[in-house]
K.L.:
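Starting off with a structure, shown below.
Small disclaimer: the values here were computed from a predicted structure and weren't measured.
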Amino acid sequence: MDAAVCNPSLGTSSSRCYVSSRPSVCPDLRGSSVRLSSEVFKVEIGRLGRSLFQSSGKKLSPIIALASQTSVSDPISTSSKNNFSDSSKKSNEAALILIRHGESLWNEKNLFTGSVDVPLTKKGVKEAIEAGKRISNIPVDMIYTSSLIRAQMTAMLAMTQHRQRKVPIILHDENERARTWSRIYSEDTKKQSIPVITDWQLNERMYGELQGLNKQETAERYGKEQVLEWRRSYDIPPPNGESLEMCAQRAVTYFRDEIEPQLFAGKNVMIAAHGNSLRSIIMYLDKLTSQEVISLELSTGIPLLYIFKEGKYVRRGSPVGPTEAGVYAYTRTLAQYRQNLDEMSY
């Protein structure tokens, strides 16, 4: 059962709606609907009949969360496909950071990983920390990850490098006990925390009967062309697995239903996920064709930055050291945010 927790805003004058994590099993797509106005958004209860809780544990009617005051200013392209009203599209700008998890133990061994829950290698840990350094001056209000540990490790390790020094906290909603036992009772602590929402729909593509097999040995067994077709075609799945198209259906649906409303509300979002789930989301953001997305490669541990405004996205590349000045040149508020961090450090 899904739940949401209304908590004070993380470092702003607004309130926040924390939507909690979901089980790693694959339930039906959520039936909730989201309505936005220029100032607030409401999460309405759909066919799953969600229960809503505050920190006091009292049941709530529809939750209202004010948009964050963090905004940026710059013209951008690529329209969102959500059918929001014109008034809702006058929302603040927001940053969207995408990070593919660092190298996993099965990446290192050249094994098909898919939905198997494998942790990071030492190299993967270093990649996650380096990714955190690259985004340490970009505001982060909410974090979304898959239900798999390698994505969660990447998100947590990256945030240890962030200059705002807020603590990422995974929200648990497995049952009433999980909600009660993980409740935070200090308002000051809540303000210094960042909600981390996990969901199976951001998981890596499920590789079916290829999971755990060595990629080289599999190519020798089935032929390179067959394995390449399974790995790089858009709509052909491996035996008892998912195609990229199937992965995109769940990942993009989740992005549009759960993450995009937060961007409309002016919240800065980081997504730590996987090669295929992120390729699917990028396909949506950049309006790529099925032929274009199959050739898209994402390196492990390299953050990708988008700016969102008025239902449109523009890719700003990766905020790596030598080009960092360029990253902050295109939005006044991102530059102001970094200046505030610099002043706080003195």
K.L.:
I'd like to check Glu292 versus Leu296 (side-chain heavy atoms, cut-off strictly below 4.5 Å). Are they in contact?
P.N.:
no
K.L.:
Can you find a side-chain donor-acceptor pair between Asn203 and Ser147 that sits under 3.5 Å?
P.N.:
yes
K.L.:
Could you go step by step and tell me if Glu130 and Arg134 meet the side chain to side chain contact (heavy atoms under 4.5 Å, CB included) rule?
P.N.:
CA-CA 6 Å; Glu130 182 61 28; Arg134 293 176 177 178; 3.8 Å; yes
K.L.:
Tell me whether the count of non-hydrogen atoms from other residues, nucleotides or ligands lying under 6.0 Å of NZ in Lys126 goes above 12.
P.N.:
no
K.L.:
To the nearest 0.5 angstrom, please state how far the OH atom of Tyr234 sits from the SG atom of Cys247.
P.N.:
9.5 Å
K.L.:
Can a donor-acceptor pair be found between the side chains of Glu127 and Thr300 at a distance below 3.5 Å?
P.N.:
yes
K.L.:
Taking the side chain as everything from C-beta on, heavy atoms only, tell me whether Met142 gets closer than 4.5 Å to Pro195.
P.N.:
yes
K.L.:
Between atom CD1 of Ile282 and atom OG of Ser277, what is the distance when rounded to the nearest 0.5 Å?
P.N.:
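Answer rounded to 0.5 Å: 9.5 Å.
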K.L.:
Report the distance from atom CG of Leu244 to atom CE of Met283, rounding to the nearest 0.5 Å.
P.N.:
7.0 Å
K.L.:
Which distance, rounded to the nearest 0.5 Å, do you find between the CD1 of Ile271 and the CD1 of Ile259?
P.N.:
3.5 Å
K.L.:
Look at the side chain of Glu93 and the backbone N and O of Ile307, then say whether any donor-acceptor pair between them is shorter than 3.5 Å.
P.N.:
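Judged by distance alone, no pair lies under 3.5 Å.
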K.L.:
Would you check if the side chain of Arg205 reaches a backbone N or O of Arg231 as a donor-acceptor pair within less than 3.5 Å?
P.N.:
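Yes.
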K.L.:
Side chains of Leu98 and Leu285: closer than 4.5 Å at any heavy-atom pair?
P.N.:
yes
K.L.:
Salt bridge (charged side-chain N to carboxylate O under 4.0 Å, His left out) between Arg150 and Glu204: does it pass, once the steps are laid out?
P.N.:
CA-CA 10 Å; Arg150 57 191 184 274; Glu204 179 57 287; 5.3 Å; no
K.L.:
Quick check on the hydrophobic clustering: are Ile194 and Ile170 connected, directly or via other members, by side-chain heavy-atom contacts under 4.5 Å?
P.N.:
yes
K.L.:
Answer yes or no: is there a donor N or O on one side and an acceptor on the other, between the side chain of Asp199 and the main chain of Gln201, under 3.5 Å?
P.N.:
yes
K.L.:
So, Thr154 side chain and Ala128 main chain: donor-acceptor pair closer than 3.5 Å or not?
P.N.:
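Side chain of Thr154 to backbone of Ala128: no pair is present.
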K.L.:
Using atom types as modelled and distance alone, determine if a side-chain donor or acceptor of His162 lies under 3.5 Å from a backbone N or O of Ile138.
P.N.:
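Such a contact is found between His162 side chain and Ile138 backbone.
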K.L.:
Kindly indicate whether the side chain of Ile236, heavy atoms from C-beta on, has any atom under 4.5 Å from the side chain of Ser243.
P.N.:
no
K.L.:
Using the ring of each side chain (for Trp, its six-membered ring), is Phe112 parallel, tilted or perpendicular to Tyr207, with breaks at 30° and 60°?
P.N.:
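Rings of Phe112 and Tyr207: tilted, 30 to 60°.
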K.L.:
So, do Thr113 and Ser104 sit near enough that their side-chain heavy atoms are less than 4.5 Å apart?
P.N.:
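Counting from C-beta outward, Thr113 and Ser104 do come under 4.5 Å.
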K.L.:
Might you point out which heavy atoms bring Val252 and Ser280 nearest each other, and give the distance in Å?
P.N.:
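Residues Val252 and Ser280, closest heavy atoms: CG2-O, 3.4 Å.
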K.L.:
Is any side-chain heavy atom of Gln192 less than 4.5 Å from a side-chain heavy atom of Val167?
P.N.:
no
K.L.:
Minimum heavy-atom separation for Asp257 and Pro261, please, with both atom names.
P.N.:
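Nearest heavy atoms, Asp257 then Pro261: O-CG, 3.4 Å.
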K.L.:
Are Leu213 and Leu111 connected in the hydrophobic side-chain network, where two residues link if heavy atoms are under 4.5 Å apart?
P.N.:
no
K.L.:
Following the transitive rule for hydrophobic clusters with a side-chain heavy-atom cut-off under 4.5 Å over Ile, Leu, Val, Met, Phe, Trp and Tyr, establish whether Tyr144 and Leu298 coincide in one cluster.
P.N.:
yes
K.L.:
Evaluate the side chain to side chain contact (heavy atoms under 4.5 Å, CB included) criterion for residues Asn214 and Asn110: first the C-alpha distance (whole Å), next the side-chain angles of each, then the deciding distance (0.1 Å), finally the verdict.
P.N.:
CA-CA 6 Å; Asn214 180 276; Asn110 199 32; 4.3 Å; yes
K.L.:
Would Gln249 and Glu245 count as having a side-chain donor-acceptor pair, cut-off 3.5 Å?
P.N.:
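Side-chain D/A pair, Gln249 to Glu245: absent.
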K.L.:
Side chain to side chain contact (heavy atoms under 4.5 Å, CB included) between Val269 and Phe255: does it pass, once the steps are laid out?
P.N.:
CA-CA 11 Å; Val269 174; Phe255 180 87; over 6 Å; no
K.L.:
Do Thr180 side-chain atoms and Arg177 backbone N/O form a donor-acceptor pair below 3.5 Å?
P.N.:
no
K.L.:
Using a 3.5 Å distance criterion without hydrogens, assess whether the side chain of Arg163 forms a donor-acceptor pair with backbone atoms of Ser136.
P.N.:
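No.
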K.L.:
Indicate yes or no for a side-chain donor-acceptor contact from Thr145 to the backbone of Ala151 under 3.5 Å, with no hydrogens or angles considered.
P.N.:
no
K.L.:
Counting only heavy atoms from other residues, nucleotides and ligands, does the tally under 6.0 Å from CZ of Arg221 exceed 12?
P.N.:
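Open: at most 12 neighbouring heavy atoms sit under 6.0 Å from CZ of Arg221.
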K.L.:
Provide the closest heavy-atom pair for Thr198 versus Gln152 in the form atom of the first, atom of the second, distance.
P.N.:
CG2-NE2, 3.7 Å
K.L.:
Grab the two heavy atoms, one from Ile294 and one from Ser233, that are nearest each other, plus how far apart they are.
P.N.:
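For Ile294 and Ser233, the tightest heavy-atom pair comes out as CG2-C, 3.9 Å.
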K.L.:
How close do Lys267 and Ala94 get, counting heavy atoms only, and between which atoms?
P.N.:
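Taking Lys267 first and Ala94 second, the nearest heavy atoms are O-CB, 3.3 Å.
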K.L.:
Which heavy atom in Ile129 sits nearest to a heavy atom in Gln161, and how many Å separate them?
P.N.:
O-CG, 3.4 Å
K.L.:
Could you go through Lys191 and Glu187, starting from their C-alpha distance and side-chain angles, then the distance that decides it, and tell me whether this counts as salt bridge (charged side-chain N to carboxylate O under 4.0 Å, His left out)?
P.N.:
CA-CA 6 Å; Lys191 292 176 183 179; Glu187 297 302 317; over 6 Å; no
K.L.:
Quick one, Met153 with Met156, criterion side chain to side chain contact (heavy atoms under 4.5 Å, CB included). Give me CA distance, side-chain angles, the key distance, then yes/no.
P.N.:
CA-CA 5 Å; Met153 288 178 69; Met156 294 301 202; 6.0 Å; no
K.L.:
Assigning hydrophobic clusters by single linkage (Ile, Leu, Val, Met, Phe, Trp, Tyr; side-chain heavy-atom cutoff under 4.5 Å), is Leu120 placed with Leu202?
P.N.:
no
K.L.:
Give a yes or no on whether Met206 and Leu148 share a hydrophobic cluster (residues Ile, Leu, Val, Met, Phe, Trp, Tyr; joining criterion: side-chain heavy atoms under 4.5 Å apart).
P.N.:
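Met206 does not cluster with Leu148.
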K.L.:
Quick one: pull up OG in Ser290 and CG in Asp235 and give me the separation to the nearest 0.5 Å.
P.N.:
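Answer for the OG-CG pair, Ser290 versus Asp235, is 7.5 Å.
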K.L.:
Once rounded to the nearest 0.5 Å, what's the spacing between atom CD1 of Ile97 and atom CG of Leu304?
P.N.:
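One finds 10.0 Å between CD1 of Ile97 and CG of Leu304.
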